[in-house]
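This structure is a prediction, so every number in the text was calculated from the model and none was measured. Residue numbers begin at 1 in each chain, while the letters A, B, ... track the order of the sequences. Computed from heavy atoms alone, side chains included, the values below leave out hydrogens, waters and symmetry copies.
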Amino acid sequence: MEPGSAEQIRIKETIGYLFEDELLKEIIQLSKIKHLEAEETIINIGEKIPFLPIILSGTIKVVRENDQGEDLLLYYIESGDTCAMTMQCCVKSTLSEVKALAMESTDLLMIPLEKMEQWMSKYASWRAYILQSYHYRIQELIETIDAIAFMKLDERLLKYLKDQAKLMGTLEIPVTHQQIADDLNSSRVVISRLLKQLETKGDIKITRNKIILKNL
DNA sequence: ACATTAAGTGATT
DNA sequence: AATCACTTAATGT
């Protein structure tokens, strides 16, 4: 990557606060930017990941998939974050247990895997970043486990909508009932009916291809 | 105007 | 809460 380029400035702006200067220099030198369109898949279950992705912009959705190809939403990864599963894969060189795809147009910073270990011992800020990232992902995972195990579907649905709104930074969520059903591993009919209830309660407004949240 | 896709409904398990 | 079978409504060509 050329010094002083627009890309380099962008990298500094988005993840610069995370790392010490020297490490940042290395990152800029070694990594490539990869652009993904919405819906594009980064990794599938069973694939090996040749790099560590850090998100510059956009959002990644991480899902677990059953043998029928149905997805269950695990968590999202936002700008500045990285993928916990990938980190595990590269250290132990195992295969991915999850599928990850872009929710919107997304830019990734791809870091060569060999660097991971070196940097772990070389840079305190890298260690802190990786550990904290792990911590966040596990927390989020526990949150979704709680939701699946203890919450009724209607509560889960409302949580889903609120999470989505926070993530996209808008109360108008562009989503179909079918997509929600897929994410929550439910069926379209059930979601439609629960949404109807929420609308009657005044929590949301339903339009075609869009749900409008009345309040967080 | 017609086909396609999203969303609503009633009955059944 | 899920599934079936069907209707109605919105949208693209």
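Looking at A:Asp203 and A:Lys201, a side-chain N of the basic residue comes within less than 4.0 Å of a carboxylate O on the acidic one, giving a salt bridge. With respect to the salt-bridge test (charged N to carboxylate O, under 4.0 angstrom), the residues A:Arg64 and A:Glu97 qualify. The pair A:Glu13-A:Arg10 fails the salt-bridge criterion, with no side-chain N (NZ, NE, NH1 or NH2) lying under 4.0 Å from an Asp/Glu carboxylate O.
When rounded to the nearest whole Å, the span between CG of A:Leu195 and P of B:dG8 equals 8 Å. Between the CG atom of A:Asn185 and the P atom of C:dA1 there is a distance of 13 Å, given to the nearest Å. Nucleotide B:dA7 holds its C1' atom 15 Å from the CG atom of A:Asp182, rounded to whole Å. At whole-Å resolution of the value, CG in A:Asn209 and P in B:dT4 are 18 Å apart. Taking atom CD1 of residue A:Ile191 and atom P of nucleotide B:dT9, one finds them 16 Å apart after rounding to whole Å. We find that CD of A:Gln197 is positioned 9 Å from P of C:dA1, with the value rounded to whole Å. If you take CG of A:Asp154 and P of C:dA2, they are 12 Å apart, rounded to a whole angstrom.
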Atom pairs under 3.5 Å, N or O on each side, protein against nucleotides 3-9 of chain C: can you list them with distances?
| residue | atom | partner | partner atom | Å |
| --- | --- | --- | --- | --- |
| C:dT3 | O4 | A:Arg193 | NH1 | 3.3 |

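Contact check of residues 171-181 of chain A against DNA chain B (heavy atom, cut-off under 4.0 Å) returns A:Thr176, A:His177.
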Salt bridge (charged side-chain N to carboxylate O under 4.0 Å, His left out) between A:Lys25 and A:Glu22: does it pass, once the steps are laid out?
-> CA-CA 5 Å; A:Lys25 243 183 253 167; A:Glu22 207 184 324; over 6 Å; no
Check against side chain to side chain contact (heavy atoms under 4.5 Å, CB included), A:Leu23 and A:Lys122 | CA-CA 9 Å; A:Leu23 173 54; A:Lys122 198 166 165 194; over 6 Å; no
Residue pair A:Lys61, A:Asp71: steps toward the salt bridge (charged side-chain N to carboxylate O under 4.0 Å, His left out) verdict = CA-CA 11 Å; A:Lys61 178 167 130 178; A:Asp71 290 345; over 6 Å; no
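Ring-plane geometry between A:Trp126 and A:Trp119 is classed as perpendicular, the angle between the planes exceeding 60 degrees on a 0 to 90 degree scale with a lower cut at 30.
Only one option out of A:Leu74, A:Leu73, A:Ile43, A:Ile42 pairs with A:Val62 in a side chain to side chain contact (heavy atoms under 4.5 Å, CB included); it is A:Leu74.
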